[in-house]
Structure formats: C-alpha cells, structure tokens
Amino acid sequence: MSIHSGHRERLRTQFLEHGLDSFADHQVLELLLFFAMRQGDVNPTAHGLMRHFGSLSAVLEASPQDLSEVKGVGEVSACLIRLVTELGRRYQLDKGKAERILDTTERMGQYVLPLFHGLTDEAVYLVCLDGGLKVLHREKLAQGSVNAINFSIRRAVEIALKRKAVYVVLSHNHPSGLALPNMTDITTTEQFMTALAPLSIRLADHIIVAGDDFVSLRDSGHLVKIERQLGLT
C-alpha cells in the first residue's frame with residue numbers, strides 16, 4: 001500500500017476538526033490543490049510552490065502566469081490559488097460594509113485596507129462621503145504597474161460631484177514599499193485639493209497603504225499644510 005494512501009482524507013479530516021492552525025504552509029497548499037488536482041500526489045507541487053516563491057503569502061499573491069512556471073501547476077490550479085486571495089479580499093470588503101461612518105482616521109484606514117488586499121500593483125480608490133461622513137460611493141480610479149500609477153483628477157472630481165459628496169477620501173497603495181508619502185503623493189494631493197476647493201468638497205484624508213499598514217496624510221500634517229496654503233482653514 002502506498003504511503004500516500006488515505007493522505008487526502010487525513011488532511012481533510014484534520015482541517016475539519018482543527019482548522020489550519022495545525023498545518024504547515026505546504027500542507028495548506030496541498031489541501032487547496034486537492035480541489036484542482038483530483039488524483040495523484042500533490043505534495044511535490046506544494047513544496048515546489050514554496051521553494052519557488054519563498055512563502056505562503058507570496059504564493060497566494062502570485063499571478064496565474066507566475067504560478068504556472070512551477071511544475072505541476074496548471075491553469076485550474078493557478079486559477080484556484082488566485083481565487084483564494086481574491087475571495088479573502090471580497091470577504092473583507094463585504095464584512096466592512098457595516099462600518100460606513102468614517103469619522104476617524106482609524107475607521108478610514110480599516111475601510112480602505114481590504115481594497116488593496118493581495119494586490120501586487122498600484123491602485124487608487126476614491127471614497128465619497130456625505131456631510132455626516134457616511135459612505136456614499138466607492139470607486140477604483142486607476143490600477144497599474146508599480147511606480148507607474150496615474151489617475152485623472154478631473155474624473156475623480158466628476159465622480160465626487162455626481163455622488164453629491166461633501167467629503168472624499170483618496171487612497172492608494174505602495175505594494176513594494178512603506179506606507180509613507182513621497183513627493184509625487186504630496187503633489188498629487190495638492191492638485192486634487194485645489195480642484196475640489198471651488199466646489200466646496202473637502203478631502204477628508206489621503207490614506208496610503210502598504211501591506212497591513214496605512215498612513216494618513218492628515219495625521220502626518222501634509223493635508224493641514226496644503227489647506228493653509230489654499231486658504232481653507
């Protein structure tokens with residue numbers, strides 16, 4: 001009898017009874033691959049993924065194209081692995097719907113963090129708020145390669161007007177760096193605030209995300225400085 005006989009059943013039972021806390025990272029991938037590869041030993045493929053990417057999180061964040069470079073990973077397996085990350089992001093977004101009053105920096109940060117979950121390139125989001133800082137609308141403004149993101153300030157203003165926003169929150173991520181503003185971030189923020197000012201729409205905050213961390217440009221003092229320059233305070 002093969003040493004792998006009953007291995008799938010044992011792992012499934014272990015998961016159902018104890019969850020993933022008792023699993024090594026490669027075993028997590030094994031369990032996932034069972035559903036894409038219905039027969040055969042997936043252990044070598046799981047180990048191959050860990051060797052190639054270096055960590056479980058890196059595997060889950062990899063593109064389908066990069067995943068397919070690992071021996072044994074086909075289109076279905078790559079799709080399933082990517083689905084896990086996207087499903088986690090969707091779960092966090094749905095769970096966060098209950099928190100719709102963004103009246104503190106912490107609430108703003110926790111609201112936008114899931115938007116960037118699992119993203120390996122840069123993206124920009126606009127969140128429109130009413131006078132009570134309740135969320136009216138959320139929209140992705142742009143997504144592109146790292147250090148090459150750009151978005152239309154005019155489009156962002158049009159969205160804010162269409163949604164009758166009193167406040168807006170701008171947010172973008174630094175996928176491969178720290179959640180600290182650079183000169184481009186500050187310049188873009190100033191241009192956006194300048195465009196909003198005649199319309200009586202205020203930028204509540206600009207949140208920069210990196211991994212599970214975020215930085216508020218208001219708390220950092222940058223927004224207050226720009227507001228003074230524009231005569232908004």
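- Under the 4.5 Å side-chain contact rule for hydrophobic residues, Leu11 and Phe35 share a cluster.
- Note: His117 NE2 to Asp212 CG = 8.5 Å, rounded to the nearest 0.5 Å.
- Remark: side-chain polar atoms of Ser68 are paired, donor with acceptor, to backbone N or O of Gln65 under 3.5 angstrom.
- Of the inter-residue distances, the one linking Leu180 atom CG with Ser220 atom OG reads 8.0 Å to the nearest 0.5 angstrom.
- Within the 3.5 Å criterion, the main-chain N or O of Glu190 finds a donor-acceptor partner in the side chain of Thr194.
- Judged by distance alone, the side chains of His7 and Asp41 never bring a donor and an acceptor atom under 3.5 Å apart.
- Taking the charged nitrogens against the carboxylate oxygens, Lys162 and Glu158 have no contact shorter than 4.0 Å, which rules out a salt bridge.
- When all heavy atoms of Ala36 and Val76 are compared, the closest pair comes out as CB-CG1, 3.9 Å.
- Shown here for Ala160 and Leu126, the closest heavy-atom pair between the two residues is N-CD2, 4.4 Å.
- For His26, the ring pair (Phe, Tyr, Trp, His ring centres under 6.0 Å) test picks out His47, with sequence neighbours left out.
- Sorted by first and then second residue, the salt bridge (charged side-chain N to carboxylate O under 4.0 Å, His left out) pairs involving residues 11-40 (not counting sequence neighbours) are Glu9-Arg12.
- Between the side chain of His18 and the backbone N or O of Ser22, no donor-acceptor pair lies under 3.5 Å.
- Across Glu122 and Pro175, no two heavy atoms sit closer than the pair CG-CD, 3.5 Å.
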(request) Give the intermediate values and the outcome of side chain to side chain contact (heavy atoms under 4.5 Å, CB included) for residues Phe116 and Ser171. (result) CA-CA 10 Å; Phe116 305 99; Ser171 185; 3.3 Å; yes
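- The shortest non-hydrogen separation linking His222 to Pro181 is NE2-CG, 3.7 Å.
- Residues Met193 and Leu161 are members of one and the same hydrophobic cluster, defined by side-chain heavy-atom contacts under 4.5 angstrom among Ile, Leu, Val, Met, Phe, Trp and Tyr.
- Enclosure of atom NZ in Lys140 by more than 12 non-hydrogen atoms of other residues, nucleotides or ligands within 6.0 angstrom is indicated.
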Donor-acceptor contacts, no H, no angles, side chain residues 198-211, under 3.5 Å, sequence neighbours left out:
residue, atom, partner, partner atom, Å
Arg202, NH2, Glu227, OE2, 3.4
Asp205, OD1, Ser216, OG, 3.1
Asp205, OD1, Leu217, N, 3.3
Asp205, OD1, Arg218, N, 3.1
Asp205, OD2, Ser216, OG, 2.6
His206, ND1, Thr189, OG1, 2.7
His206, NE2, His172, ND1, 2.9

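- The distance from the CG atom of Leu141 to the CZ atom of Phe192 is 7.5 Å, given to the nearest 0.5 Å.
- Residues Val224 and Leu232 do not share a hydrophobic cluster, clusters being chains of Ile/Leu/Val/Met/Phe/Trp/Tyr side chains in contact below 4.5 Å.
- Interatomic distance, CD1 of Ile159 versus CD of Glu139, reported as 3.5 Å (0.5 Å rounding).
- The shortest distance between side-chain heavy atoms of Thr105 and Phe214 falls below 4.5 Å.
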(message) Quick one, Ile81 with Leu32, criterion side chain to side chain contact (heavy atoms under 4.5 Å, CB included). Give me CA distance, side-chain angles, the key distance, then yes/no.
(response) CA-CA 7 Å; Ile81 292 171; Leu32 183 61; 3.8 Å; yes
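- Residues Tyr111 and Arg138 approach most closely at OH-NH1, 3.1 Å, considering heavy atoms.
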Using distance only, find each side-chain donor-acceptor pair of residues 49-61 under 3.5 Å and give its atom names and separation, not counting sequence neighbours.
residue, atom, partner, partner atom, Å
Ser55, OG, Ser57, OG, 3.2
Ser55, OG, Ala58, N, 3.1

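- When hydrophobic clusters are built by joining Ile, Leu, Val, Met, Phe, Trp and Tyr residues whose side-chain heavy atoms come closer than 4.5 Å, directly or via intermediates, Val70 is grouped together with Val28.
- With rounding to the nearest 0.5 Å, the separation of CG in Asn173 from OH in Tyr125 is 9.0 Å.
- Looking at heavy atoms from C-beta onward, Leu33 lies out of side-chain contact with Leu80 at the 4.5 angstrom threshold.
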(request) Please report the C-alpha distance between Met108 and Val127 in whole Å, then the side-chain angles of each, then the deciding distance to 0.1 Å, and finally whether the side chain to side chain contact (heavy atoms under 4.5 Å, CB included) criterion is met. (result) CA-CA 9 Å; Met108 290 180 190; Val127 183; over 6 Å; no
(request) Would you please test Lys71 and Thr45 for side chain to side chain contact (heavy atoms under 4.5 Å, CB included) and show each step? (result) CA-CA 7 Å; Lys71 183 179 180 180; Thr45 304; over 6 Å; no
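- The hydrophobic cluster of Leu136 has no other members, since no ILVMFWY side-chain heavy atom comes under 4.5 Å of it.
- Here CG of Asp213 is found 8.0 Å from CG of Leu113. Values are rounded to the nearest 0.5 Å.
- Hydrophobic clustering of Ile, Leu, Val, Met, Phe, Trp and Tyr side chains at less than 4.5 Å, counting indirect connections, unites Val215 with Leu178.
- For Glu75, the side chain to side chain donor-acceptor pair (under 3.5 Å) criterion is met by no residue, not counting sequence neighbours.
- When side chains are defined from C-beta on, Gln143 counts as touching Asp121, because their heavy atoms get closer than 4.5 Å.
- Between Thr188 and Phe151 the shortest heavy-atom distance is CG2-CE2, 3.5 Å.
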